[in-house]
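Reading through the structure tokens given below for one structure.
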Amino acid sequence: MGFRLTLRNLNKIGLSPFAKEVYKVVSGIPLGEVRSYKWVAKKIGHPKAYRAVGQALKNNPWPLLVPCHRVIESSGELGDYIFGKKNKKKILDLERQIKDLVL
DNA sequence: ATCATGACTAATG
DNA sequence: CCATTAGCCATGA
């Protein structure tokens, strides 16, 4: 079966320092807002590794918890998503609605 | 160490 | 806007 969500188990999953930084930064993107892959890359001190950022997010062990749906292309296009672009947009729309209603 | 792969980007036509 | 292309870099085989 699945594994329990504990710090010990999280440490078992060998995440590269790079990936960790990516998840850390992405987790800081506010609800309903978006940033580009390039923005994330620059933020973690690897300004030219924007493509690798995509790799890291593709392997995101906790989609939804680490809001990889808030990372889009610098052109404004949505970019890919593990659950499909449609859902990526859907989730972002919901987040904006919630933000309007509650906050 | 080398090589291919991609949730990318910017430039060009 | 669309298609093509060179550049880019962490990652896994």
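On a predicted model such as this, the values are computed, not experimentally measured, just so you know. Chain letters run A, B, ... following the sequence lines, proteins first and then strands; every chain starts at 1.
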**Request:** Check every strand shown and say whether A/Ile82 touches a base, only sugar-phosphate, or nothing at a heavy-atom separation below 4.0 Å.
**Result:** base

**Request:** State yes or no: do A/Tyr50 and A/Val26 share one hydrophobic cluster built from I, L, V, M, F, W and Y residues joined by side-chain heavy-atom distances below 4.5 Å, directly or via other members?
**Result:** yes

**Prompt:** Looking at DNA chain B, which of residues 31-45 of chain A put a heavy atom within less than 4.0 Å of it?
**Reply:** A/Ser36, A/Tyr37, A/Lys38

**Request:** Scan side-chain atoms only and decide if A/Glu21 and A/His46 contain a donor-acceptor pair under the 3.5 Å cut-off.
**Result:** no

**Request:** I would like to know whether A/Tyr81 and A/Cys68 meet side chain to side chain contact (heavy atoms under 4.5 Å, CB included); could you show each step before the answer?
**Result:** CA-CA 8 Å; A/Tyr81 186 52; A/Cys68 48; 3.9 Å; yes

**Request:** Output yes when A/Glu33 and A/Lys99 qualify as a salt bridge under the 4.0 Å nitrogen-oxygen rule, no when they do not.
**Result:** yes

Does [X] use its side chain to pair, donor to acceptor, with the backbone of [Y] at less than 3.5 Å?
X: A/Tyr23; Y: A/Ala56; value: yes
X: A/Lys88; Y: A/Val71; value: yes
X: A/Asp80; Y: A/Lys85; value: no

**Request:** In sequence, state the C-alpha distance, the side-chain angles, and the governing distance for A/Leu92 and A/Leu78, and then conclude on side chain to side chain contact (heavy atoms under 4.5 Å, CB included).
**Result:** CA-CA 10 Å; A/Leu92 284 173; A/Leu78 275 186; 4.0 Å; yes

**Asked** How many Å lie between CG on A/Asn87 and C1' on B/dA7, as a whole number?
**Response** 14 Å

**Message:** Is there a side-chain contact between A/Ser74 and the phosphate of B/dA10, meaning an N or O under 4.0 Å from OP1 or OP2?
**Reply:** yes

**Asked** Can you give one letter per nucleotide of nucleotides 6-13 of chain C, going 5' to 3': B for a protein heavy atom under 4.0 Å from the base, S for sugar-phosphate only, - for none?
**Response** -BBSBS--

